[in-house]
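Here is the structure we will look at.
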Amino acid sequence: MTQIEIPLKLDSFKKNSPEIKVLEEVMQCRKDVGNLMEGERAMDAMQRTVEGLRAMREFPDFGNIEFRALLVAVIFDLAEIHFTLKDYKQSEKELDTLFKILDNLVKLDETRFGRFHILAMELSTRILRSRKKALDLLVKQQINAGALYDKVNSGVVAATDKLVDSLRNVGQLLASTGDLKAALKFYAEAIKFSKKRTGRVTRKEVKMTIEMAEIMMRIRSMRPRAQRLLNAILPHAISLETIELEQDILALQGLINAEADNESKWKNFIRQLTLSAKAKFKKNEKPDAKGKQDGTAQADNTQLD
């Protein structure tokens, strides 16, 4: 992931002001996110991005241009992270929010913000292409899974591992297209066959269970179940001494805890931000409109003279 960088004009803020403190905290979050993504730690990067967004709620003026410029960059990070996780539907939702904020910025200063609108459009195109590719692959994987089911039922032992991988792939593809409940069914089947094959909980089962919990998190009513699933699988990850999987579990648990009572706050935050941006834009438009009216009146007076 390559982060977009919008140079901020921080000279307009007083040194050590609350505004500067918030902006600096969020900029540090973005720096951490970049490092985490380089280390392929997408879950941790998402958690850090959410922390940055939470910090931005403390900014006193949602209509401030520098604040909105930084918010665009943070939401862009979040959209890229979900794209990396193949959560294309969520990535599209974040881009929709981003465009609402960015459109007004482009109207205010096209030279400064115009290219970021183009970058967002490019990401939108990538998402659409990826979703189409996922749908094409889904059909092939479902056919493949059906054939493997027949082999497993016929007693071909070697086919079980392939069936597990095929069911997992179908689950991933369904999740990327937004069909979350169907994806969970395929993951449950994959984990069931995998446990039956090995007779114990291996790294593969832990990884698939984490992926399943991550999908559950996207369904609000299933977040408590996702939390229970992560709590149950954590001891297995610890016993297997898989630090990476432990970190993934802890990151997801942190996100669930953070989102427990913050969804309505986030929606309200975006609503306030959008209204503030519109109000500021209209305010900036009024002098121009008045100037045009004065100019028209002068032109009419000239014609009359």
Side-chain angles (χ1 to χ4, degrees), residues 41-51 53-54 78-79 81-94 131 134 138 141-142 145 163-240 242-268:
R41 304 292 307 143
M43 291 298 181
D44 289 327
M46 182 162 61
Q47 185 180 19
R48 194 76 177 105
T49 303
V50 170
E51 289 171 3
L53 286 167
R54 195 181 304 124
L78 196 59
I81 291 167
H82 278 116
F83 179 79
T84 301
L85 293 169
K86 297 181 180 179
D87 187 355
Y88 303 132
K89 189 174 181 179
Q90 184 60 36
S91 191
E92 281 183 318
K93 287 181 180 178
E94 284 146 6
R131 285 188 73 175
L138 178 60
Q141 284 292 341
Q142 285 176 321
L163 175 61
V164 169
D165 290 336
S166 183
L167 291 170
R168 182 184 184 183
N169 288 337
V170 172
Q172 288 175 335
L173 291 167
L174 283 166
S176 71
T177 61
D179 195 348
L180 304 181
K181 290 187 177 179
L184 291 173
K185 291 179 182 178
F186 278 90
Y187 263 101
E189 281 284 284
I191 293 168
K192 181 184 76 174
F193 276 100
S194 188
K195 284 182 179 178
K196 187 177 179 180
R197 172 78 173 85
T198 60
R200 58 191 177 88
V201 178
T202 67
R203 187 183 189 282
K204 188 172 186 177
E205 283 84 59
V206 173
K207 180 65 176 172
M208 287 193 293
T209 304
I210 293 171
E211 291 171 359
M212 187 176 181
E214 193 273 328
I215 294 170
M216 284 181 182
M217 283 174 57
R218 303 182 206 174
I219 305 171
R220 188 175 182 180
S221 62
M222 296 190 76
R223 286 175 192 166
R225 186 177 169 188
Q227 183 72 282
R228 291 194 295 271
L229 196 61
L230 292 169
N231 290 338
I233 205 68
L234 181 57
H236 294 286
I238 293 171
S239 65
L240 290 168
T242 51
I243 300 299
E244 180 185 338
L245 296 181
E246 285 181 52
Q247 290 175 333
D248 280 343
I249 291 170
L250 293 173
L252 285 174
Q253 287 178 326
L255 285 168
I256 292 172
N257 293 332
E259 290 176 356
D261 62 344
N262 277 335
E263 189 165 350
S264 59
K265 291 180 183 177
W266 165 249
K267 288 179 180 177
N268 187 48

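Note: hydrogens, waters and symmetry copies are ignored here, and every other heavy atom, side chains too, is used. Here, residue 1 is the first one in the sequence, and each next residue gets the next number.
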[Y] and [X], any side-chain heavy atoms less than 4.5 Å apart:
X: Phe186; Y: Arg168; value: no
X: Leu245; Y: Leu240; value: no
X: Leu184; Y: Met222; value: yes
X: Glu244; Y: Arg203; value: yes
X: Ser166; Y: Gln141; value: yes
X: Gln247; Y: Ile243; value: yes
X: Arg41; Y: Asp248; value: yes
X: Lys204; Y: Asp165; value: yes

Tell me every residue that passes side chain to side chain donor-acceptor pair (under 3.5 Å) with [X], counting only those two or more places apart in sequence or in another chain.
X: Arg218; answer: Asp87, Glu214
X: Gln142; answer: none
X: Gln47; answer: none
X: Lys207; answer: none

At their closest point, which heavy atom of [X] faces which heavy atom of [Y], and how far apart are they?
X: His82; Y: Met46; answer: NE2-SD, 3.2 Å
X: Leu167; Y: Ala145; answer: CD2-CB, 4.4 Å
X: Ala79; Y: Ser91; answer: O-OG, 2.7 Å
X: Met216; Y: Ala226; answer: CB-CB, 3.7 Å
X: Ser194; Y: Val164; answer: N-CG2, 3.6 Å

Original post:
For Gln227 and Asn257, what are the C-alpha separation, side-chain angles and deciding distance, and is it a side-chain contact (heavy atoms from CB on, under 4.5 Å)?
Top reply: CA-CA 9 Å; Gln227 183 72 282; Asn257 293 332; 3.1 Å; yes
Original post:
Just how far is it from atom CG of Asp44 to atom CG of Leu252, taken to the nearest 0.5 Å?
Top reply: 9.0 Å
Subject >> Donor-acceptor contact below 3.5 Å, side chain Thr242 vs main chain Ala237 >> reply: yes
Original post:
Do side-chain atoms of Ser176 reach the backbone of Leu173 as a donor and acceptor pair under 3.5 angstrom?
Top reply: yes
**OP:** Say whether Thr202 and Glu205, considering side chains only, have a donor N or O and an acceptor N or O under 3.5 Å apart.
**Re:** yes
**OP:** Not counting sequence neighbours, which residues clear salt bridge (charged side-chain N to carboxylate O under 4.0 Å, His left out) with Lys192? List them please.
**Re:** Glu189
Original post:
Mind checking what makes salt bridge (charged side-chain N to carboxylate O under 4.0 Å, His left out) contact with Glu51, not counting sequence neighbours?
Top reply: Arg48
Original post:
Checking side-chain contact (heavy atoms from CB on, under 4.5 Å) for the pair Gln90/Leu78: CA distance, chi angles, key distance, verdict?
Top reply: CA-CA 9 Å; Gln90 184 60 36; Leu78 196 59; 6.0 Å; no
